[in-house]
Amino acid sequence: MRKPLILFPLVFLFLFVFASAQTPPTPVDSLQAVDTPDDAGGQVDLTWKPSPDEGRAVSPVIGYQILAAPAADSTFVPIGTASAGATSVTAKDRLENGRPYYFKIRAYAMDSSYAESEVAGPVVPKGSWWNTKPAYLRIVIWMVFVVGFILYNIRKAGKKELYIRPIAGIDAIDEGIGRATEMGRPILFICGLGDAAQAATLAAFSVLGRVAQKTAQYQTRLIVPCYEPIVFTICQDIVKGAYLNAGRPEAYNEKDVFFVVYDQFPYVAAVNGIMLREKPATNFYLGQFYAESLMLAETGFEAGSIQIAGTDQLIQMSFFIVACDFTLIGEELFAASAYLSKEPEQVGSIKGQDWGKVIFAGLSILGVVSVLLDENLRVHFFGFFRKLMLNE
Amino acid sequence: MKEFFQKLLKIDRRWIFLITGVAIVIPFFFFIGLPIKATREVRALYDAVEALKPGDVVFYAPEYDPATIPEVQPMAHAFLRQVFRKNVRVVATGLFQLGVALAEQDLTLMAKEMGKKYGEDYVFLGYKPYPEQVILNMGEDFRKSFPTDYYGNDVNALPMMRGLKNYSDTKMIVSMTAVSGADYWIRSAHGRYNIPLALGVTAVMATDYYTYYQSGQLFALMGGLKGAAEYEQMVGIKGKAAKATLRMDIQSFAHLAIIILVILGNLAYFATREKK
Amino acid sequence: MRKEIPLVIMVACGVFMAIQFFVPHELPALIYQNLNKTVQVVGAVALVLGIVSLLSLHFAKINRRQPGYGYSYILIAFFFMMAASGFLPAKVNLGSFLGTGDRVEGSFYLNLYNYVLTPVQATMFALLAFFIASAAFRAFRARSVIATLLLLTAIIVMIGRVPIGPFVLGDWISDLADWIMAVPNAAAKRAVIVGVGLGILSLSLKMVLGIERAWLGGGR
Amino acid sequence: MPGMVSLTLAGFLTLGIMSFVYKDNPIYKFCESIFIGVSAGYYFVLIFYQSLLPQLTDKIGLTGALTDSALAYYRQSGSLASVQWFNLIAAVLGMMMLMRLLPKIGWISRWPLAFVIGSIAGLKLIGELQTNIMTQIQKSILPLWAPQYVDGSLSLAASIGQSLTNIVLVGGILTGVIYFFFSKEHKGVFGGAARVGIWFLMVTFGAAFGLTVMSRMSLLIARIDFLLRDWLHLLG
């Protein structure tokens with residue numbers, strides 16, 4: 001739509017030269033200009049009442065041109081257009097923050113005659129420091145609730161022992177390490193194919209920390225082939241640190257935490273090769289996984305390894321459930337670090353998450369019930385909650 | 001009988017591989033042409049594109065690698081054919097490192113076929129790592145992440161990019177994707193900048209993204225070969241070009257083979273278990 | 001100091017990124033965009049580190065004459081061939097079947113990509129079909145309620161989503177498959193999303209607050 | 001141009017990689033090494049040209065930052081928007097990352113890592129809340145009794161159908177969420193609900209698996225199509 005509008009002035013010029021009789025239209029009325037709220041600046045909202053000649057029979061108004069100038073008496077330059085029928089526009093071009101601007105609107109008629117409105121302004125466009133749109137306010141409300149819950153529980157956590165239900169996949173982690181130690185075979189740990197930006201990868205890091213600490217104690221070999229370069233550097237730090245903490249820095253082998261390749265299938269080819277050659281006793285697949293999940297898990301099965309998997313990717317969970325011995329489903333992966341560490345702050349955060357689920361469930365039930373209830377009650381009372389919490 | 005079942009339970013997986021392979025090869029020689037119905041979620045994209053005016057711009061984000069060509073490319077081709085046929089213009093990125101070359105090939109091929117000109121009818125911006133950041137940057141201005149396009153041209157020098165600042169100057173974002181990058185589009189492009197978003201995904205991903213379709217975050221969703229076959233039929237692609245339609249037939253038999261294997265496995269499991 | 005400064009940097013960046021979401025002003029937006037750019041640069045440099053790790057691993061294998069060290073020669077040779085061809089000027093002609101240098105159509109670099117990486121990727125992906133068949137055969141046993149549900153829905157979806165299902169059994173099978181996709185599937189998926197969402201939220205919060213610092217190495 | 005050499009290479013590699021389905025063997029190892037070497041080289045070049053070079057040259061990066069000193073630029077233009085500060089930061093952090101190669105000061109690489117991880121964690125904090133939690137609640141609020149009208153009159157069958165669907169949806173979401181409760185023991189009614197929740201999860205996993213079969217089969221079909229049609233010309 002924009003391109004033809006840019007051509008308007010040219011067309012008008014052409015018509016202006018060759019038109020014979022012209023009847024200038026009535027200009028637009030009540031032009032108002034205000035700085036656009038909740039923006040980064042450089043924008044001004046203009047509103048007006050349309051020219052009554054939009055609908056006249058002889059050469060009706062076919063479009064508007066927006067003009068701006070730094071002073072009311074200086075030269076106005078076109079900065080945008082609006083089509084006939086429009087009553088508002090946000091001027092975006094050629095406006096700088098912190099400088100005053102005056103605006104007027106030129107109504108063009110079919111025969112290229114035009115009329116200018118009164119000048120509006122001055123307006124100083126500026127950026128806002130806080131987004132006051134309701135959608136953003138609701139996010140703040142939610143932040144206060146959910147983050148508040150988590151923080152509250154983290155603070156409270158030191159005072160008394162908190163219960164966490166058993167999670168089979170997490171209990172299996174120690175078993176897996178024990179098995180490898182008994183069999184004298186290595187452990188393979190894969191942090192997934194996600195980058196360090198993915199939460200599942202971050203969750204895998206903390207499990208890797210625990211596993212590395214144990215393998216350092218038991219002197220079991222830990223192989224960590226990495227996919228993403230940043231993840232690789234972090235894994236090195238984690239394993240090295242864990243061996244240091246366990247008092248066995250000499251047992252750390254830098255060549256066992258290595259970067260393979262940043263490409264899905266070459267990576268799988270390499271890891272499959274490692275599985276078939278090193279025959280690890282236990283394989284960990286924690287983090288973000290894609291199509292390779294099943295190739296890894298099936299090869300691991302062929303190699304006779306116990307396999308423990310966890311991911312937040314729904315589809316890959318289904319593969320892991322089918323092909324692995326233990327699977328951490330979704331949030332269980334995120335609970336793993338807290339569960340393993342038993343640190344009060346960590347456990348507290350899990351409790352905070354549960355409270356988050358309570359509000360989720362509570363709001364859903366409230367919503368469902370309110371839909372069933374009397375129209376008035378719903379609109380006035382529960383409607384308040386919905387407006388407060390939900391972007392609809 | 002029991003012995004047979006016991007053997008079946010311990011069968012070498014290479015036999016399973018062989019059976020699967022045979023079940024796929026044989027139907028290639030017997031084309032039946034089973035009927036395919038268009039579903040609501042696929043039709044939504046077709047209708048939305050049909051409703052566009054010539055000169056409108058769509059943002060197109062192909063993110064699939066050679067490995068997912070069979071599923072995603074038929075959709076991409078059908079979609080591009082329809083878009084170019086409607087004289088709608090296309091701005092594209094390729095934010096998946098393995099798919100950049102493919103994205104470029106697809107666009108060039110379809111544009112050539114439909115007689116479209118680079119820089120006027122379509123623009124390919126190319127690849128930058130950390131897709132989510134790039135997607136967010138483009139919500140401010142395409143030029144923030146892509147001062148130059150894939151071919152190294154200054155973006156401002158391309159006629160089509162004039163007056164095209166960010167997503168809000170496009171009518172919709174359509175991503176044909178086989179990677180989790182789809183999440184970024186939902187979260188950062190639709191979530192933050194509120195542009196209508198449609199996805200074409202692999203059949204695997206369809207489960208994941210169906211929720212987003214239901215919740216309205218996606219206005220349309222195409223899943224796998226089936227979605228592609230439906231789209232091909234709506235756009236009216238015929239003959240050899242309609243790859244998805246042809247292959248849906250064979251798919252049926254492959255599925256049957258697996259189901260029979262699972263049933264056999266269960267028979268064997270129950271037959272041997274009772275005797276213990 | 002080796003752990004405190006990174007922690008401070010992380011907390012500062014984290015808090016800033018969270019808050020900037022609510023600030024439309026151009027200043028935070030500007031910082032934000034440039035932070036993103038920085039993330040890209042750091043990622044690119046990390047890849048260089050990764051490649052150094054890969055090469056040093058294989059050079060070490062060769063030096064120590066570890067079993068299979070011969071393959072390391074091949075890996076290293078192909079790496080340098082690929083990298084060199086990518087950096088060679090386009091003018092350099094490597095011969096009729098190798099192509100030219102640089103990353104232009106018909107160059108050695110793109111030929112290697114098209115004729116080595118691409119077909120092998122597609123093949124490996126296709127191999128998954130075999131793995132799925134074997135996994136399904138091995139693991140889909142109606143051992144318990146849970147296992148039976150898994151098996152049954154898999155079969156219904158498999159048969160309902162291909163043309164032969166409705167063709168033989170009638171339209172109800174594809175309707176049932178669609179209903180499973182649309183209703184129970186969507187319901188459970190939302191539960192997973194909410195759980196994962198809370199998990200990520202809490203993890204991010206712990207990161208921003210500096211409680212979770214596994215990434216710094218060695219826990220506490 | 002690509003000619004026989006490339007095609008033969010492609011065919012050889014394909015078979016070599018496939019051979020591991022049978023068992024690990026020297027040809028597989030050989031192909032694996034080629035595959036990794038080529039891929040590593042490919043990304044090395046790609047990242048260099050597509051992200052390192054453009055970010056660190058021109059106006060946006062190292063050379064820019066070093067040539068026209070950031071401060072001078074600021075004084076001259078007076079506007080923060082055009083300052084090159086950030087490019088200097090990016091370049092310095094990139095350099096710090098490289099310090100890993102030197103064992104003595106390798107620890108400094110944690111700074112850029114902290115930078116990356118912190119930025120991402122902060123970004124996620126809001127993003128997750130908005131897309132994955134708020135939106136999902138909104139969509140979970142459904143009427144348990146959903147009257148459906150066909151041609152203006154209430155259709156009982158359709159209403160019951162829709163209501164049932166809604167009840168299953170709401171029930172599935174709630175029980176699923178209960179399954180993920182960690183701080184309460186799963187027993188009694190609560191445990192029963194959690195059990196129903198895991199049933200729903202299993203249905204989802206089954207559906208995901210079924211769909212995946214579809215996806216993967218189509219890939220294999222395409223591969224075989226290529227073999228039979230384009231390579232062996234067995235099909236018309």
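Here is the naming used below: chain letters follow the sequence lines, and residue numbers restart at 1 for every chain.
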- prompt: Of all the residues in residues 184-192 of chain D, which have a heavy atom that comes within less than 4.5 Å of a heavy atom in chain A?
  reply: D:K184, D:E185, D:H186
- line: Rounded to the nearest 0.5 angstrom, the CZ-CD1 distance for A:F205 and D:I117 is 6.0 Å
query: Side chain, backbone, both or neither: which part of A:F265 has a non-hydrogen atom closer than 4.5 Å to chain D?
result: both
query: Which heavy atom of D:F20 sits nearest a heavy atom of A:L276, and at what distance?
result: CD1-CD1, 3.7 Å
- prompt: According to the salt bridge (Lys or Arg N to Asp or Glu O under 4.0 Å) rule, which pairs have a member within residues 257-277 of chain A, sequence neighbours left out?
  reply: A:R277-D:D24, A:R277-D:E32
field: Interatomic distance, A:I321 atom CD1 to D:L201 atom CG [nearest 0.5 angstrom]
entry: 7.5 Å
query: So what's closer than 4.5 Å to chain D heavy atoms on A:T233: side chain, backbone, both or neither?
result: both
- prompt: What part of D:I198 is in contact with chain A, defined as an atom under 4.5 angstrom from a non-hydrogen atom: side chain, backbone, both or neither?
  reply: side chain
- prompt: Step by step, would you call D:F205 with A:V322 a side-chain contact (heavy atoms from CB on, under 4.5 Å)?
  reply: CA-CA 9 Å; D:F205 294 142; A:V322 168; over 6 Å; no
Contacting region of D:V177 [heavy-atom separation from chain A under 4.5 Å]: both
- request: Please determine, by modelled atom types, if A:E332 and D:Y179 share a side-chain donor-acceptor pair under 3.5 angstrom.
  value: yes
query: Checking heavy atoms, do the side chain of D:Y28, its backbone, both or neither come under 4.5 Å from chain A?
result: side chain
message: Please determine whether the number of non-hydrogen atoms from other residues, nucleotides or ligands lying under 6.0 Å from atom OH of A:Y163 exceeds 12.
response: yes
message: Contact between D:T212 and A:L294 at the side-chain level, heavy atoms closer than 4.5 Å - yes or no?
response: no
message: Between A:I167 and chain D, with a heavy-atom cut-off of 4.5 Å, which part of the residue counts as in contact: side chain, backbone, both or neither?
response: side chain
- request: Answer with side chain, backbone, both or neither: which region of A:A291 has an atom nearer than 4.5 Å to a non-hydrogen atom of chain D?
  value: both
- prompt: Can you pull out the residues in residues 34-41 of chain D with any heavy atom less than 4.5 Å from chain A?
  reply: D:F35, D:I36, D:S39, D:A40
message: So for A:A335, is it side chain, backbone, both, or neither that comes closer than 4.5 Å to the heavy atoms of chain D?
response: side chain
field: Segment of D:F182 engaging chain A (4.5 angstrom heavy-atom cut-off)
entry: both
field: Nearest atoms (heavy-atom pairs only) where D:F180 meets A:R165
entry: CA-NH2, 4.1 Å
- prompt: Relative to chain D, which segment of A:V147 carries a heavy atom at a distance below 4.5 Å: side chain, backbone, both, or neither?
  reply: neither
- line: Hits for side-chain hydrogen bond (donor to acceptor under 3.5 Å, both in side chains) against D:S218, two or more places apart or cross-chain, chain-then-number order -> none
query: When rounded to the nearest 0.5 angstrom, what distance separates CG in D:L113 from CD1 in A:I234?
result: 5.0 Å
task: Against chain A, label D:I178 side chain, backbone, both or neither, depending on which of its atoms sit under 4.5 Å from a heavy atom there.
output: neither
Residue part contacting chain D, namely of A:I164, when any heavy atom lies under 4.5 Å: both
